[in-house]
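Keep in mind that this is a model prediction, so the values were computed, not measured. Position 1 is the first residue of the sequence, and the numbers go up from there.
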Amino acid sequence: MEVQWILLCHGLVTTLVLVSFLCGQWPIFEGTPIQRIHHFLTFGAYDYFQFSNQRFVGFVFGAKGTNAISSVEYFCCDRPNPILQIIYLAIVGGTYFLVANSSFGYIPGYYIGEIHRYTSLLAVGVGVLLFLLTSFSDPGTVKADNVSQYLSAYPYDNVIYSEKECSTCKIPKPARSKHCSICDRCVARFDHHCGWMNNCIGERNIQYFMAFLLWHTLLCIYGTVAIGLILAGQIKEFKVIDILTVYYGIENSFRSLSPHVVQWLLGAYNTQILLMVFLAIVSLSLAGFFGYHAKLCLTNTTTNETFKWQEYVSWQRKLNEARASSAALKASINGMSSERKPPENKWRAMFRRSPLKDVEVVVTNNIYDKGFFQNILEIIMPLSRRQLSLRTKSKSG
């Protein structure tokens, strides 16, 4: 039973860390421990490690050692590099090898057929293909020769986007674009820079990225269910339920049998159990990540725009509060300078509505949201490609 509790605690901690790392910046987790864990994992731990490491390296190796560490950090964090791509391929290849090595010997079984030896390989192959498409496809690089195409595709809303020039590329900056400091290029309909893909996610590869997330979510669910069916077949083959109920007199109910069945599985198939738990946790994390990006796509919003709108709303709210406070102060001064009024009842003053509560709510107006079907169509067939095809047809005509 101790092993079961260790596995349960391990699964809960792993889930908390994964959810915090991948989703801790979402607005729904604002002010929660998940947001604080996310900040620690992404900034706090790194800053502390960097400070301690620099002090130690500087003390032992001097300035040359510190410069070498800075160069490695620059390559790993500030420039395009294939490190996370290699890690992804190692995780996928290693997991598939472990599943094949530990579980394929039980296929076919009572609840799973021989075909899953081949469909699993095909599913992994499709996942890797989507990964390569996302990694090496053009995200929608804005250049001098195609900037007019993007300028006409996405109008400025004059709220979070206004007409300006990219200070690095020295070309007009289309609405919804951003200059990626890592890739050193302007990307149309910029969503975010994905380290796992070593590429930006933009207008022309967002469909591959969404397909990648969805496919890998389903792939992990498929692996979890397949291993579960293998274990269920082993329980059936060795007649574990019959032995427990007939020979050991355990009540034939889920509550009574489940601890003993789990204990038997952990003793005989601990590798499969660990793989199944790992795949289940990863599938939940990927499902949450896919759901978040699907919501953005359905409202025609990007991750970059989400943060821009948050900054705009926060700024407008503070501006409105400042105006309300100024108006209240002005009214108070005017009241003091006018004829002296009888003192206000203390209870009435205590429950009087604060002028800050009358601050108007800031409303966001996303002009790029064109409705459910149009938003999906824009993901599948970007506006710039549609305009290019129309120009080609008009020239040929």
Side-chain angles (χ1 to χ4, degrees), residues 74-86 88 128-157 160-213 289 293 296-297 299-309 366-370 374-395:
Y74 176 77
F75 173 78
C76 294
C77 303
D78 298 327
R79 301 308 306 157
N81 65 83
I83 294 175
L84 287 178
Q85 289 176 300
I86 294 170
Y88 160 81
V128 173
L129 176 62
L130 290 171
F131 170 77
L132 295 175
L133 281 172
T134 311
S135 297
F136 297 104
S137 59
D138 177 25
T141 305
V142 182
K143 302 176 184 177
D145 57 352
N146 65 3
V147 65
S148 59
Q149 178 181 327
Y150 290 112
L151 287 170
S152 58
Y154 299 107
Y156 297 106
D157 63 355
I160 60 174
Y161 294 112
S162 57
E163 189 174 350
K164 62 175 67 173
E165 183 184 84
C166 176
S167 58
T168 306
C169 299
K170 303 302 180 183
I171 58 174
K173 192 173 184 180
R176 314 193 76 184
S177 68
K178 182 181 177 180
H179 187 91
C180 178
S181 59
I182 298 176
C183 294
D184 193 25
R185 59 182 173 181
C186 281
V187 177
R189 199 186 179 276
F190 179 87
D191 191 274
H192 69 286
H193 180 88
C194 182
W196 291 101
M197 306 294 177
N198 193 26
N199 196 9
C200 289
I201 305 302
E203 184 205 45
R204 296 207 171 190
N205 66 350
I206 182 68
Q207 66 270 41
Y208 300 139
F209 179 70
M210 293 299 295
F212 169 85
L213 290 178
F289 203 48
H293 279 278
L296 293 181
C297 290
T299 56
N300 211 332
T301 311
T302 65
T303 304
N304 180 51
E305 288 169 355
T306 300
F307 292 115
K308 281 182 173 291
W309 278 116
N366 180 15
I367 66 170
Y368 308 112
D369 185 358
K370 302 170 185 175
Q374 283 295 326
N375 293 341
I376 293 177
L377 182 62
E378 190 170 320
I379 297 298
I380 299 172
M381 186 63 179
L383 291 177
S384 61
R385 283 183 179 172
R386 278 187 263 174
Q387 289 194 351
L388 185 63
S389 62
L390 287 174
R391 289 179 183 178
T392 304
K393 287 181 180 178
S394 62
K395 286 181 181 179

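- In this structure, the side chains of Q85 and F131 come closer than 4.5 Å at one or more pairs of heavy atoms.
- Between I201 and C194, the closest heavy-atom pair is CG1-CB, 4.0 Å.
- Not a single side-chain contact (heavy atoms from CB on, under 4.5 Å) links S167 to another residue, sequence neighbours left out.
- Between R204 and E378 there is no salt bridge, since no side-chain nitrogen of the basic residue lies less than 4.0 Å from a carboxylate oxygen of the acidic one.
- In this structure, a donor-acceptor pair under 3.5 Å is present between the side chains of D369 and N375.
- Under the 4.5 Å side-chain criterion, counting only non-hydrogen atoms from C-beta, Y150 is in contact with E203.
- Put simply, the side chain of D184 never gets that close to the backbone of S181: no donor and acceptor are under 3.5 Å apart.
- S162 OG to K173 NZ: the interatomic distance, rounded to the nearest 0.5 Å, is 9.5 Å.
- Residues passing the side-chain contact (heavy atoms from CB on, under 4.5 Å) test with K143 are T141, D145, N146, sequence neighbours excluded.
- Here the closest non-hydrogen pair linking P174 and V147 is CG-CG2, 4.0 Å.
- To the nearest 0.5 Å, atom CG of residue L132 and atom CZ of residue F212 are 10.0 Å apart.
- The distance from the OG atom of S137 to the CD1 atom of I206 is 10.5 Å, given to the nearest 0.5 Å.
- Taking all atoms of both residues into account, the shortest heavy-atom contact from I160 to W309 is CD1-NE1, 3.5 Å.
- Going from atom SG of C169 over to atom NE2 of H179 covers 4.5 Å, rounded to the nearest 0.5 Å.
- What you find for A188 and V142 is that their closest heavy atoms are N-CG2, 3.7 Å.
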Report the C-alpha distance between I380 and Q207 in whole Å, list the side-chain angles of each, state the deciding distance to 0.1 Å, and finish with yes or no for side chain to side chain contact (heavy atoms under 4.5 Å, CB included).
CA-CA 6 Å; I380 299 172; Q207 66 270 41; 5.7 Å; no
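- Residues P139 and C200 approach most closely at CB-O, 3.3 Å, considering heavy atoms.
- Two residues are said to be in side-chain contact when any heavy atoms from C-beta on lie closer than 4.5 Å; C297 and I376 fail this criterion.
- Using modelled atom types, no side-chain atom of N205 and backbone atom of N199 make a donor-acceptor pair closer than 3.5 Å.
- Checking each of N304, T302, T303 against D191 for a side-chain hydrogen bond (donor to acceptor under 3.5 Å, both in side chains) leaves exactly one that passes, namely T303.
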Verdict with reasoning, K170 to E165, per side chain to side chain contact (heavy atoms under 4.5 Å, CB included):
CA-CA 6 Å; K170 303 302 180 183; E165 183 184 84; 4.0 Å; yes
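- Remark: T301 pairs with L296, T299, E305, T306, N366 by the side-chain contact (heavy atoms from CB on, under 4.5 Å) rule, at least two apart or across chains.
- Looking at every heavy atom in both residues, C180 comes nearest to H193 through SG-ND1, 3.7 Å.
- Contacts of Y208 classified as side chain to side chain donor-acceptor pair (under 3.5 Å), with partners at least two apart in sequence or in another chain: none.
- Partners of A175 by side-chain contact (heavy atoms from CB on, under 4.5 Å), not counting sequence neighbours, listed by chain and number: Y154, Y156, Y161, Y368.
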Intermediate values then yes/no, side chain to side chain contact (heavy atoms under 4.5 Å, CB included), M210 and L130
CA-CA 10 Å; M210 293 299 295; L130 290 171; over 6 Å; no
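- Summarising the local packing, NZ of K178 is surrounded by 12 or fewer heavy atoms from other residues, nucleotides or ligands at distances under 6.0 Å.
- The shortest side-chain heavy-atom distance between S177 and R189 does not fall under the 4.5 Å cut-off.
- Residues that satisfy the ring-ring contact (aromatic ring centres under 6.0 Å, His included) test with F209, not counting sequence neighbours, are H192, H293.
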